[in-house]
Structure formats: structure tokens, C-alpha cells
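A short worksheet on the structure shown next.
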Amino acid sequence: MSYSSDIKKELLSYNYTGRHCLAAALAAIININGYVGTRDGQTTIIIHSDNPDLIAKTVDITDDLFCRRISKDKRNNIVIEDQKFISEILKTTGVKDSTDFSVASPIDFYVVSKTCCKRAYIRTAFLCCGSISDPHKHYHIEFVDNDYEHADSLKRLIASFGINMKIVERKNHFVVYCKEAELIVDLLNVMSAHRALLEFENLRVVKGVRNNVNRLVNCETANLNKVISASVRQIKAIEYVAERIGLDHLPDNLKKMAEIRVMYPDASLKELGEKMTPPVGKSGVNHRLNKICEIADKLKGENNYG
Ligand SMILES: [Zn+2]
């Protein structure tokens, strides 16, 4: 099962108790998966979804709201033709009638005035037209709407929770989407997809740890490069001194230091100090190697001017 359908399963099991939330949920279903149209004075509501669970949920919601069991056909269509019932549904959900069955209404903000109802609308909209990518692959959540005005009002509704989504047109559809992990977490929270949210957060932590390890490895590599380039510079200085005056002309402690540096070119200062007898601290090693470099520089200066 996909990550999306897992979340939808969780959201479908959400039970509404207040009439207000039921109305908001039904409004989302009709606006996204339904058509309302009037022809020859007769209004019809048609609701269709490829997801039989959503149609079953619609039947339950309508039953809870109006104490009336509507029927669905084998192809997951709900057709309502009772005029009195239709006007009751439109009044309750704030969905507008249209003449051509094609235009969805923007969200009636009176129907979603309470926070619980805003959440119910977004949750149901996700069931109708939402999808989310498997966070193992990438972060992406979207609502695919066929009406711009509705998509825009959905975007504004979601923005009321501080979650800013974007809209893009794709094949005659309007896609309200977001790619930011933090906002996706917020949105899952708004929809009360708590199990999905936990899973998402766990994965983010694992990914975060992995990123940190990578960052550390890169950092180590950078440090290692620094150690090596310092070592190369020191060894060049030692070779220069050896060539010009011979290491025997160095004070004993510097001579010993120079020999060990050349013997262990990739050792750190601390490691070099441990190889000395008696052992020398890191700063002692640093001091001695600097001294050798200074001597080399001085010899080069003499060479230049001499
Ligand atoms: Zn409510």
C-alpha cells in the first residue's frame, strides 16, 4: 500500500460528532468530487469517486447529517434528485448551484468558520484529491483540483493555519502543493493524521542523523586535508634545511622533530609528539615545526639576497 493510501485509511476512520464538521466535510466532497446543476428547473447533485471507501464515507456523513440514507450505484455514483433534499444540502454546505455542472464553488467561509470545521474540510479535501509522496523518496504533498477558484480558496484555508502552499497549473488542473518537510508535518497535524505524522517525523530524524554523519565525514575530510597540507609544507622546509645546511646543524630537539615528521608524514601533531622520546605535547610539536619552517624561510631569504 502506498504512503498516501495509508494516510487516507487513517483519515477515513476519523469520526465527526458535530453537525458543523459533518457539513464542512460534505461541502468538500461535493465541491471536489461532485457536480451540482440545474436543467429545466430540475436540480441534480452527482457525486463520484474512484475510491469506494470515500463514497461509503459520503453515505455515512449524509446519514449522520440529515438522518437519510442515500444510495450509490455499482460504479460509485451518488445521484440525488429530490429537490427539497437538495436545497437542504446546499443550504447546509454552502455549495452553490450552477447551470452547467462544471463550476465548483469556492469554499463558503461561513461553513468553515470554526477551527474544527476548517480541519474537517482540509482532511476531507485530502481524501478527495490529495496525495503525498513517500517521504523516503522526497517531500511533497498536493491537492489536485479542477477548479482554480476552489483551489485558491483551499490554499487560503490552509494558509489560515500558517501553512503556505503554492498553486501550479498542470494538465488543466490546479495543483495546490508544498515541498517543505516542516509544513507537511504541520499539515498532517491539521488533518489529524497522527500515525502518519509520527512515521514522517521518525523518518526525518533518521534522515537528519544521516545528514549529520555526512556533514561530520566532510568536516573530518576537510580537517585531514588541512593536516596533510601542513605536513607537506613542513616536510618541504625540512628538506630545504637538510639540503642547505644539513639537519646535523639543527639543535638536537629540532633535528629529532624533523626526522620524525619525515618518517610519519600523515600523523597529526599529537601523534608526532607521542613518538618523541620523551613525549612532547601538541603545542611543543607545533612550536618546533614552526621553528624549522622559520629557519628554512631565513635560509631562503639569505639565498635570495645573498
Ligand atoms: Zn466543526
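Residues take their numbers from the sequence shown, with the count starting at 1. For the numbers below, each heavy atom of this structure counts, side chains included, while hydrogens, waters and symmetry mates do not. In this text the structure is predicted, and so the values were computed from the model without any measurement.
- Judged purely by atom type and a 3.5 angstrom limit, S133 has no side-chain atom pairing as donor or acceptor with the backbone of P135.
- V36 and F66 end up in the same hydrophobic cluster when Ile, Leu, Val, Met, Phe, Trp and Tyr side chains are linked at under 4.5 Å.
- Between F174 and Y148, the ring planes lie perpendicular to each other; the angle is over 60°, past the 30° to 60° tilted range.
- With respect to the salt-bridge test (charged N to carboxylate O, under 4.0 angstrom), the residues K255 and D248 qualify.
- A salt bridge is absent between E88 and K91: the closest approach of a Lys/Arg side-chain nitrogen to an acidic carboxylate oxygen does not fall below 4.0 angstrom.
- I61 contributes atom CD1, which lies 6.5 Å from atom CG of L22 (distance to the nearest 0.5 angstrom).
- Comment: D145 does not engage K155 in a salt bridge, judged by the lack of any side-chain N to carboxylate O separation of less than 4.0 angstrom.
- Judged by distance alone, the side chains of H173 and N146 never bring a donor and an acceptor atom under 3.5 Å apart.
- One finds a salt bridge joining E274 and K270 here, because a Lys/Arg side-chain nitrogen approaches an Asp/Glu carboxylate oxygen to under 4.0 Å.
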| query | Are I78 and H48 close enough, and set up right, to give a side-chain contact (heavy atoms from CB on, under 4.5 Å), and what steps lead you there? | reply | CA-CA 6 Å; I78 291 172; H48 170 79; over 6 Å; no

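- Ionic pairing of K282 and E271 is not present here: no N-O contact between side-chain nitrogen and carboxylate oxygen is shorter than 4.0 angstrom.
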| field | Audit row: Y16, R123, side-chain hydrogen bond (donor to acceptor under 3.5 Å, both in side chains) steps and yes/no | value | CA-CA 11 Å; Y16 299 104; R123 187 181 302 126; 3.1 Å; yes

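- Screening residues 5-27 for salt bridge (Lys or Arg N to Asp or Glu O under 4.0 Å), with sequence neighbours left out, gives no hits.
- In the hydrophobic cluster analysis, where Ile, Leu, Val, Met, Phe, Trp and Tyr join through side-chain heavy atoms closer than 4.5 angstrom, I184 is grouped together with I167.
- Using bins of under 30°, 30° to 60° and over 60° for the plane-to-plane angle, the ring pair F126/F143 lands in the perpendicular bin.
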| query | Would M257 and L289 satisfy side-chain contact (heavy atoms from CB on, under 4.5 Å), going step by step from the backbone distance to the final call? | reply | CA-CA 7 Å; M257 187 73 256; L289 288 170; 4.0 Å; yes

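- The number of heavy-atom neighbours closer than 6.0 Å to NE2 of H138, taken from other residues, nucleotides and ligands shown, is above 12.
- Note: Y177 and H140 have parallel aromatic rings, judged against thresholds of 30 and 60 degrees for the angle between ring planes.
- Taking the ring centre of F161 as origin, the terminal cationic atom of K118 falls outside the region bounded by 6.0 Å and 45° from the ring axis.
- Within a 6.0 Å radius of CZ in R69, more than 12 heavy atoms belonging to other residues, nucleotides or ligands are found.
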